[in-house]
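Single-structure report; data block below.
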Amino acid sequence: MRVLEVDHPLVAHKLTVLRDKTTPSPVFRQLTEELVTLLAYEATRDVRTEPVEIETPVTRTVGTAFTKPTPLVVPILRAGLGMLEGMTKLVPTAEVGFLGMARNEETLEAITYAERLPADLTGRQVFVLDPMLATGGTLREAVKFLFRRGAADVTCICLLAAPEGLKVLEEELAGTNVTIVVASIDEKLDEKAYIVPGLGDAGDRLYGVAG
Ligand code: URA
């Protein structure tokens, strides 16, 4: 497993505004989208491509195209949905599948409540979108699920990660072809498994408290 903390002033600035508790939902949504586009630029560095012959107005030349099957983007509902637009802007030909996962706030275990993905992911490069890597439970289950379906490699794009969650993934996904791309590795988890300093509940900040 590889972990990449993206070190860039634009990323740091947008993240600071996201962390600010006075930032309203519409601004939070817009900045999440912009931040994901910046993270996606780094996350897609190893996307598989092949040479393609094209004709410019001047001459024939060889360019670059995505190799088939195209990358699959999987936002984890609900908060991952707020990251989708930022990703598809950069990779508009990607296919999109959905995984609905939530954590039980008492046991902190991840449960899957919805799934809309191709049955066979053999050879696919998959990009998982989940803003908060806290205990690591949700991403661990999501990544294992995708590998069981045959995914070739999985890149998780997160806004924030806690060291505790990264340790869980490092232990449980050791030796797998997984990359975590994150805007910041924060200090720790609090007693309710929120990331500190964090940005609060990402789903609530994006969409309000929907119960
Ligand atoms: N999920 C969130 O939305 N925020 C956290 O800090 C941890 C998990």
Side-chain angles (χ1 to χ4, degrees), residues 1 3-6 11-36 38-40 43 73-87 98-115 127-145 154-173 178 180-211:
M1 184 178 109
V3 179
L4 173 65
E5 188 180 16
V6 178
V11 169
H13 168 67
K14 289 179 196 300
L15 186 56
T16 303
V17 185
L18 285 183
R19 288 186 192 280
D20 188 331
K21 68 177 186 183
T22 65
T23 299
S25 273
V27 179
F28 192 94
R29 281 198 294 272
Q30 177 66 33
L31 281 173
T32 297
E33 194 184 313
E34 292 171 12
L35 188 48
V36 170
L38 295 174
L39 297 179
V73 177
V74 180
I76 310 268
L77 306 179
R78 100 182 136 134
L81 215 46
M83 302 171 76
L84 182 59
E85 190 74 13
M87 183 73 189
F98 296 90
L99 256 183
M101 300 184 87
R103 68 174 179 178
N104 178 317
E105 292 297 338
E106 269 146 40
T107 63
L108 301 180
E109 289 294 313
I111 48 159
T112 304
Y113 63 86
E115 177 253 302
F127 293 87
V128 174
L129 308 178
D130 191 13
M132 307 299 272
L133 197 177
T135 63
T138 302
L139 272 186
R140 175 190 59 205
E141 294 311 313
V143 168
K144 284 184 175 172
F145 182 96
V154 179
T155 301
C156 304
I157 302 180
C158 306
L159 302 182
L160 296 181
E164 294 91 330
L166 283 174
K167 188 158 172 275
V168 165
L169 294 188
E170 254 150 25
E171 283 164 8
E172 301 213 17
L173 301 174
V178 174
I180 311 287
V181 179
V182 61
S184 168
I185 300 171
D186 272 10
E187 216 179 296
K188 60 175 184 178
L189 291 180
D190 71 8
E191 62 290 349
K192 287 187 174 158
Y194 274 84
I195 297 175
V196 179
L199 51 76
D201 187 303
D204 289 353
R205 303 255 350 243
L206 283 162
Y207 302 119
V209 187

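Order of appearance sets the numbers: ligands from 1, and atoms from 1 within every ligand.
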**OP:** Could you tell me the residue and atom name of the protein heavy atom closest to atom 5 (C) of ligand 1, and the distance to it rounded to 0.1 Å?
**Re:**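 That would be Tyr194 CD2, 3.5 Å.
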
Original post:
What residue and atom, counting heavy atoms only, is the protein's closest point to atom 1 (N) of ligand 1, and at what distance?
Top reply: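 Of the protein heavy atoms, Met132 CB, 3.7 Å lies nearest.
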
Subject >> Candidates Leu160, Thr138, Ile180, Val182 - the one meeting side chain to side chain contact (heavy atoms under 4.5 Å, CB included) with Leu133 >> reply: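 Between Leu133 and the candidates, side chain to side chain contact (heavy atoms under 4.5 Å, CB included) is satisfied uniquely by Ile180.
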
**OP:** Determine the sole option in Asp20, Leu199, Val17, Asp204 for which the side chain to side chain contact (heavy atoms under 4.5 Å, CB included) test with Phe28 is passed.
**Re:**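 Going through Asp20, Leu199, Val17, Asp204 one by one, the side chain to side chain contact (heavy atoms under 4.5 Å, CB included) with Phe28 is satisfied by Leu199 alone.
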
**OP:** Identify whether the distance between the nearest side-chain nitrogen and carboxylate oxygen of Glu171 and Lys167 falls below 4.0 Å.
**Re:**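 Salt bridge between Glu171 and Lys167, a charged N being under 4.0 Å from a carboxylate O: yes.
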
Original post:
Would you call Glu85 and Arg29 a salt bridge, taking side-chain N to carboxylate O under 4.0 Å as the test?
Top reply: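 Looking at Glu85 and Arg29, the cut-off is not met.
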
Ligand-side contact atoms (ligand 1) for residue partner [X], heavy atom cut-off under 4.0 Å:
| X | value |
| --- | --- |
| Ala193 | 7 (C) |
| Ala134 | 7 (C), 8 (C) |
| Ala202 | 2 (C), 3 (O) |

Original post:
Evaluating non-hydrogen atoms only, which member of Ile195, Leu160, Thr138 is closest to atom 6 (O) of ligand 1?
Top reply: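 The residue whose heavy atom sits nearest atom 6 (O) of ligand 1 is Ile195.
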
Subject >> Met87 to Ala40 - nearest heavy-atom pair and separation >> reply: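 Heavy-atom minimum between the residues: SD-CB, 3.5 Å.
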
Original post:
Can you tell me how far the CD1 atom of Ile195 sits from the CE atom of Met132, to the nearest 0.5 Å?
Top reply: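 Interatomic distance, Ile195 CD1 to Met132 CE, rounded to 0.5 Å: 4.0 Å.
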
**OP:** Would you check whether Gly200 reaches within less than 4.0 Å of ligand 1, judged by its heavy atoms?
**Re:**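 Yes, that is the case, since the closest heavy atom of the residue is under 4.0 Å from the ligand.
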
